[in-house]
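Shown next, in structure tokens, is the structure this report addresses.
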Amino acid sequence: MTIDRLTEQKSYFSAELLAWYRRHKRDLPWRRNRNPYHIWVSEIMLQQTRVDTVIPYFHRFIEKFPTTEALAEAPEEEVLKAWEGLGYYSRARNLQTAVREVHERYGGVVPSTKEEVFSLRGVGPYTAGAILSIAYNQPEPAVDGNVMRVLSRYFLIEEDIMKGSTRVTMEKLAQELIPEGAAGDFNQGLMELGALVCTPKSPNCLTCPVMAHCAGRAAGMEEALPVKKKAKPPRPERRVVSLILGDGPNAGRILVRQRPAEGLLARLWELPHTEAPKAGENAPEAPLAAAAAHEALAAALAADGLGLGPAAWLMHAEHTFSHIRWDMEVYVCRPEPSPLGADVPPLLPSHYRWIRREDMDQLAFPNVFLRILDTYFES
DNA sequence: AAACCGGGGGC
DNA sequence: GCCCCAGGTTT
């Protein structure tokens, strides 16, 4: 009786990849122990974010919130500040929500069953598998972008990896491949191979531990895989931004506001800004007239009870999110002189605040506003 | 299934 | 400029 070819290809892959990982694994901060909380934090930070970006954030975060209890008890604004610049801020708020749940329901111990881990806020199929396999060495698959790329090449799978059904197929396959008793190392090896060898472009097949049985390589398809439908381009939005300098008791301060609790950049702080009138269909790239910019800004601020004085153009800024592209013109402004005199500034809605530059240490700003403020303060 | 949700690095 | 990254939630 002969072992069929697919079975041989699988067992070869499992054994060689595991051995390769144990020889080549990088020394990463979250690999220094098996603290489930550390593993968890690292996996949330690593969602859609590169290892090199995460490392300094991980160190600072664990230093500031060393335990689930510390994170559960921290003010949300401190957590957001620690996340500032990482993006996808719902990850931070969901993580704190989930940690509080771990305290209320599981006595502060990160649970170790699939149902319980998966039910935690911000923990989906990938992260649940990662926590269970890496922290608890349970034989659960952890299929991320790296794993889909590696498996699609090695097994020559041409399904669109953007489809949910493909991920399910990959999870079944990945689970079958886990060597007995080595789920954590194997899953990390799969991702490590994707990050270091089986890269999206120009994979280093000649150094790959499983090249000998790689069907994608044998077919000359490694560069064409995985098959992935193209994403829609982000829709453009033209925005006008105000950097408002205070006078009277607010001299030396700038006006900032906190974003709503839901939606884009939820609860982060920003310079007041508003969407500018759409450019005409026939001239979408025409520069926005200064007068039109001031009018839009003044109208938006008037709705919050603040009058806007003259404005001087400062800079252009662009920022691209996954689904929106902000095309911004920034103006330096003064408040409209108060009818009661400069010593009695008008009352502001509670989500606005006059701050000094030092106060920014306490508030989380999206990177695009940090860049604008840096430019202003350095000029 | 598609949209929403950031930001940066590599080429 | 484009891709895509140790994805999850909502609609």
Side-chain angles (χ1 to χ4, degrees), chain A residues 21 25-26 28-31 39-58 80 83-95 97-98 117-135 141-150 160-168 170-171 174 184 186-196 198-203 223 226 228-235 259-260 262-268 270 317-326 364-371:
Chain A
Y21 174 69
K25 67 176 180 180
R26 289 171 289 180
L28 301 176
W30 46 90
R31 287 182 179 163
I39 306 288
W40 182 8
V41 169
S42 76
E43 290 302 337
I44 300 298
M45 286 187 170
L46 286 162
Q47 289 170 6
Q48 301 293 290
T49 311
R50 285 179 163 71
V51 166
D52 289 342
T53 303
V54 165
I55 288 174
Y57 280 93
F58 178 82
L80 283 176
W83 211 269
E84 180 184 71
L86 255 190
Y88 287 121
Y89 298 94
S90 65
R91 292 185 293 174
R93 295 188 290 125
N94 289 341
L95 176 60
T97 299
V117 173
F118 187 75
S119 75
L120 294 170
R121 189 104 185 128
V123 176
Y126 163 73
T127 306
I131 292 171
L132 290 167
S133 63
I134 300 172
V143 173
D144 69 340
N146 282 312
V147 175
M148 298 229 263
R149 184 172 60 254
V150 169
D160 181 354
I161 64 167
M162 295 296 279
K163 293 172 65 177
S165 58
T166 306
R167 203 206 69 225
V168 172
M170 298 274 189
E171 282 172 350
F186 177 77
N187 283 350
Q188 292 182 86
L190 217 34
M191 295 186 274
E192 196 85 336
L193 189 75
L196 299 180
C198 197
T199 49
K201 290 169 187 168
S202 310
E223 293 267 20
K228 186 176 183 178
K229 194 176 62 183
K230 264 194 202 168
K232 254 178 62 176
R235 68 172 183 273
R259 295 180 60 85
E262 307 279 324
L264 186 68
L265 302 168
R267 292 184 212 179
L268 268 68
E270 64 180 6
E318 284 183 9
H319 191 65
T320 304
F321 304 91
S322 44
H323 58 304
I324 307 173
R325 188 172 63 79
W326 278 354
F365 286 82
N367 267 6
V368 60
F369 296 107
L370 293 178
R371 288 202 309 270

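Note that the structure is predicted; figures quoted are calculated from it, not measured. A note on names: the letters A, B, ... follow the listed sequences, proteins ahead of strands, and every chain is numbered from 1.
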Taking the side chain as everything from C-beta on, heavy atoms only, tell me whether [X] gets closer than 4.5 Å to [Y].
{"X": "Arg235(A)", "Y": "Arg325(A)", "value": "no"}
{"X": "Leu264(A)", "Y": "His323(A)", "value": "yes"}
{"X": "Leu95(A)", "Y": "Arg121(A)", "value": "no"}
{"X": "Trp30(A)", "Y": "Leu46(A)", "value": "yes"}
{"X": "Met148(A)", "Y": "Arg167(A)", "value": "yes"}
{"X": "Trp40(A)", "Y": "Val117(A)", "value": "no"}
{"X": "Thr49(A)", "Y": "Tyr88(A)", "value": "no"}

Nearest of [options] to any side-chain atom of [X]?
{"X": "Arg26(A)", "options": "dG7(C), dA6(C), dC5(B)", "value": "dA6(C)"}
{"X": "Asn367(A)", "options": "dG7(C), dG8(B), dG6(B)", "value": "dG8(B)"}
{"X": "Arg91(A)", "options": "dG8(C), dC4(C), dG6(B)", "value": "dG6(B)"}
{"X": "Tyr89(A)", "options": "dG7(B), dA6(C), dG8(B)", "value": "dG7(B)"}
{"X": "Thr127(A)", "options": "dC5(B), dG8(C), dA6(C)", "value": "dG8(C)"}

Give one of base, sugar-phosphate or nothing for [X], where a contact means two heavy atoms less than 4.0 Å apart.
{"X": "Ser322(A)", "answer": "base"}
{"X": "Leu193(A)", "answer": "nothing"}
{"X": "Gly85(A)", "answer": "sugar-phosphate"}
{"X": "Val51(A)", "answer": "base"}
{"X": "Arg267(A)", "answer": "nothing"}

Using Watson-Crick and G-U wobble pairs with both distances under 3.5 Å, what is the 5'-to-3' dot-bracket string of DNA chain B, with [ ] for crossing pairs and | for pairs outside the strand?
-> |||||.|||||
For residues Asn146(A) and Arg149(A), is any side-chain donor paired with an opposing acceptor at under 3.5 Å?
-> yes
Short side-chain donor-acceptor distance under 3.5 Å, Glu43(A) and Tyr126(A) =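 Present: a donor and an acceptor within the cut-off.
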Heavy-atom contacts under 4.0 Å between residues 39-49 of chain A and DNA chain B, which residues?
-> Gln48(A), Thr49(A)
Tell me whether the side-chain N/O atoms of [X] come closer than 4.0 Å to OP1 or OP2 in [N].
{"X": "Tyr88(A)", "N": "dT9(C)", "answer": "no"}
{"X": "Arg149(A)", "N": "dC4(C)", "answer": "no"}
{"X": "Lys232(A)", "N": "dA2(B)", "answer": "no"}
{"X": "Lys201(A)", "N": "dC3(C)", "answer": "no"}
{"X": "His319(A)", "N": "dG6(B)", "answer": "no"}
{"X": "Arg121(A)", "N": "dT10(C)", "answer": "yes"}

Atom [atom1] of [X] and atom [atom2] of [N]: how far apart are they, to the nearest Å?
{"X": "Met162(A)", "N": "dC4(B)", "atom1": "CE", "atom2": "P", "answer": "14 Å"}
{"X": "Tyr57(A)", "N": "dG8(B)", "atom1": "OH", "atom2": "C1'", "answer": "10 Å"}
{"X": "Asn94(A)", "N": "dG6(B)", "atom1": "CG", "atom2": "C1'", "answer": "14 Å"}
{"X": "Phe365(A)", "N": "dG6(B)", "atom1": "CZ", "atom2": "C1'", "answer": "17 Å"}
{"X": "Tyr126(A)", "N": "dG8(C)", "atom1": "OH", "atom2": "C1'", "answer": "13 Å"}
{"X": "Asn187(A)", "N": "dA6(C)", "atom1": "CG", "atom2": "C1'", "answer": "11 Å"}
{"X": "Asp160(A)", "N": "dA1(B)", "atom1": "CG", "atom2": "P", "answer": "10 Å"}
{"X": "Glu223(A)", "N": "dC11(B)", "atom1": "CD", "atom2": "P", "answer": "13 Å"}

On DNA chain B, nearest-nucleotide positions of Lys229(A) versus Gly263(A): which is more 5'?
-> Lys229(A)
Closer to the 5' end of DNA chain B via nearest nucleotide, is it Gly164(A) or His323(A)?
-> Gly164(A)
Hey, which sits more toward the 5' end of DNA chain C by its nearest nucleotide, Leu120(A) or Ile134(A)?
-> Ile134(A)
If the P atom of dT11(C) is compared with that of dG6(B), how far apart are they to the nearest Å?
-> 15 Å
Rounded to whole angstrom, note down the P distance from dA6(C) over to dC5(B).
-> 23 Å
Listed by chain and number, what are the salt bridge (charged side-chain N to carboxylate O under 4.0 Å, His left out) partners of Glu192(A), not counting sequence neighbours?
->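 Scan of Glu192(A) (salt bridge (charged side-chain N to carboxylate O under 4.0 Å, His left out), adjacent residues dropped) gives Arg26(A), Arg31(A).
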Determine whether more than 12 heavy atoms belonging to other residues, nucleotides or ligands lie under 6.0 Å from atom CD of Glu318(A).
-> yes
Please work out whether the ring planes of Trp326(A) and Phe321(A) are parallel, tilted or perpendicular, with thresholds of 30° and 60°.
->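 Rings of Trp326(A) and Phe321(A): perpendicular, as their planes differ by over 60°.
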